[in-house]
Protein chains: 2
Amino acid sequence: MIKIMVADDHTMFVDGIDSILNKENDMQVICKCYTGEEVLKQLKEVQPDIILLDINLPGITGIEVSKTVLAEYPEVKILAISMFNEESFVTEILNNGAQGYILKNTGRKELLDAIRTICGGKTYFSKDVTNTIMKSLMKKRMESKGSTKLIPKVSRREKEVLKLIVEEFTTQEIAKELFISLKTVESHRSSLLNKLNARNTAGLVRITMENKILEN
Amino acid sequence: MIKIMVADDHTMFVDGIDSILNKENDMQVICKCYTGEEVLKQLKEVQPDIILLDINLPGITGIEVSKTVLAEYPEVKILAISMFNEESFVTEILNNGAQGYILKNTGRKELLDAIRTICGGKTYFSKDVTNTIMKSLMKKRMESKGSTKLIPKVSRREKEVLKLIVEEFTTQEIAKELFISLKTVESHRSSLLNKLNARNTAGLVRITMENKILEN
DNA sequence: TAGTGATTAGGGGATTACCCCTAGAATCTC
DNA sequence: GAGATTCTAGGGGTAATCCCCTAATCACTA
């Protein structure tokens, strides 16, 4: 028997879910909550296997609830439910403990499927959601590739120096490490500041990491 | 009519695909290739709408072919085909121009679906593939969250200072920006070096970015 | 209420980074 | 083989960082 907690601020929605789930032989809604506070309070009393959690709860949001649940009740699964197929919402809650994400226009069958899948220890995402994620994933990759091209090529030796700078070596230590003069290292540093259009070491490191310059 | 190029080093596979696709009224295989070199050579002669591209081609790999196609023939779509449902392969080729990714054990119907979807300007991923991606995406998030916990909490003011350091402000400039003394900023810097276990500004910036300290 | 941490601020000094300049030698490229 | 780039190295100076120390004020909390 799968013990279920439902958390959403719309009573009718909660009751509808309740009605659907209680028709199943292997499921039981043991707790209904209407705010984030209530979820955290109720969790001290009852032990659900899974929480159907609206991420847009008033007060303490679903995301914050999810964080807390992950930290304090790691054995409790979370299926996030939302009206919105927004990439930022999805990644945020996946980030914070949810094992699945479905939309509110999901049918009865898929809902039951999602609950059983997650309680079986797997993860579940509705097809709309995966599509959204994949698209934004591709976009980000494209962007990160595109922006890289503004940066002039950094030479082999400069990369060696840059690597050591990022690793917290001082100019003196770099000189010793590479068996070259302190003044030579200073030359490379100066070139790097120019090429990467940085004002100081902080900028050097930031730009290096933002553009993954050392990863080639 | 969708013009298709098929590229795979297994003749029987290519012929099978050819047979399947030519039965469709709206598709036509206009070119068959068996190596990466051949693909690049043939593209100077023929103009396919889409390339069914094995990513494990001998010689020039599918990934490299994809890079070139993206750069030189951006209007040509690519559907990557592979035996392996490996996260690294998938992300790599999505990184480099493919609009879709399906496995070789995909059925006839899904193949046709994928081709039509991509030629319609959308992207297509088989369900197995999306699952793999989502899983690895979650894993990475978990890991990045886990490692964060070794770092002591950075206070509100320290974060403000840290943010400006990363943005290439000098100590003097930070003092002016925050309307506090130079010595106060130095105090915060010193605390940050201690807390983040860094030796200098470079380490401060690197650790900040590696652990996404400013993103909360 | 006593203790802890955050924020503020300072003195004084050592080290490091940054900037201006030049310049030979090696290496790559057209 | 000529020109560009890279790697090397230096002089001399200013600015910035880092380190040691102390210390008052404020807020939170055990």
Side-chain angles (χ1 to χ4, degrees), chain A residues 40 68 71-72 148-211 213-216, chain B residues 148-211 213-216:
Chain A
L40 299 179
T68 310
E72 293 178 21
T148 310
K149 288 174 185 170
L150 299 170
I151 287 165
K153 51 186 168 186
V154 178
S155 76
R156 184 195 114 261
R157 200 55 155 173
E158 284 164 352
K159 275 188 189 174
E160 287 176 24
V161 172
L162 189 54
K163 179 172 176 288
L164 295 175
I165 291 174
V166 172
E167 286 172 6
E168 300 178 55
F169 283 61
T170 66
T171 303
Q172 263 191 19
E173 291 165 349
I174 294 170
K176 277 186 186 171
E177 182 74 16
L178 299 181
F179 302 105
I180 53 180
S181 153
L182 188 109
K183 273 297 180 178
T184 305
V185 180
E186 281 191 324
S187 277
H188 290 311
R189 283 193 94 117
S190 175
S191 308
L192 285 166
L193 287 172
N194 256 312
K195 284 188 180 179
L196 302 188
N197 205 18
R199 292 180 60 199
N200 51 35
T201 305
L204 230 44
V205 176
R206 194 196 72 242
I207 293 164
T208 300
M209 300 194 74
E210 277 177 352
N211 296 282
I213 290 170
L214 296 177
E215 289 177 25
N216 288 315
Chain B
T148 309
K149 287 175 183 170
L150 300 169
I151 287 165
K153 52 185 169 186
V154 178
S155 74
R156 183 195 113 262
R157 200 57 157 172
E158 284 164 352
K159 276 188 189 173
E160 287 175 24
V161 172
L162 189 53
K163 179 171 175 289
L164 295 175
I165 291 173
V166 172
E167 286 172 6
E168 301 177 54
F169 282 60
T170 66
T171 302
Q172 263 190 20
E173 290 165 348
I174 295 170
K176 277 187 186 170
E177 182 75 17
L178 300 181
F179 302 104
I180 53 180
S181 152
L182 189 111
K183 273 296 181 182
T184 306
V185 180
E186 281 191 325
S187 276
H188 290 312
R189 283 192 94 116
S190 175
S191 308
L192 285 166
L193 287 172
N194 256 313
K195 284 188 179 178
L196 302 187
N197 206 21
R199 291 179 60 201
N200 50 36
T201 306
L204 229 44
V205 176
R206 193 196 73 243
I207 293 164
T208 300
M209 299 194 75
E210 277 177 353
N211 297 283
I213 291 170
L214 296 177
E215 289 177 24
N216 288 316

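All values reported here derive from a predicted model rather than from experimental measurement. Only heavy atoms go into these numbers, but all of them, side chains included; no hydrogens, no water, no symmetry mates. In what follows, every chain begins at residue 1, and chains take the letters A, B, ... in the order their sequences are listed.
Within the nucleic acid shown, A/Thr184 comes within 4.0 Å of at least one base atom, counting heavy atoms only. Among the heavy atoms of the strands lying under 4.0 Å from B/Leu193 are primed sugar atoms or P, OP1, OP2 only; no base atom is included. Residue-level contact check: A/Ser187 touches the bases, meaning some heavy atom is under 4.0 Å from a base atom.
In this structure, the side chains of B/Ile165 and B/Thr201 come closer than 4.5 Å at one or more pairs of heavy atoms.
Among the nucleotides C/dT16, C/dA9, D/dC18, the one closest to any side-chain atom of A/Gln172 is C/dT16. In the set D/dC7, C/dA6, C/dA17, C/dA6 carries the atom at the smallest distance from any side-chain atom of B/Ser155. Each of C/dA17, C/dA9, C/dT16 was ranked by its minimum atom distance to the side chain of A/Thr171; first place goes to C/dA17. Distances were taken from every side-chain heavy atom of B/Arg157 (C-beta onward) to each of C/dT16, D/dT17, C/dT7; the shortest belongs to C/dT7. Out of D/dC19, D/dG12, C/dC18, the shortest distance to the side chain of A/Lys183 is found at D/dG12. With C/dT8, D/dC18, C/dC19 as the candidates, the nucleotide lying closest to the side chain of A/Glu186 is C/dC19.
Judged by distance alone, with hydrogens and angles left aside, A/Glu158 brings no side-chain donor or acceptor close enough to the base of D/dC7 to form a pair under 3.5 Å.
For B/Glu173 and B/Lys176, the salt-bridge test fails: no basic side-chain N is under 4.0 Å from an acidic carboxylate O.
We find that CD1 of A/Ile180 is positioned 15 Å from P of D/dT6, with the value rounded to whole Å.
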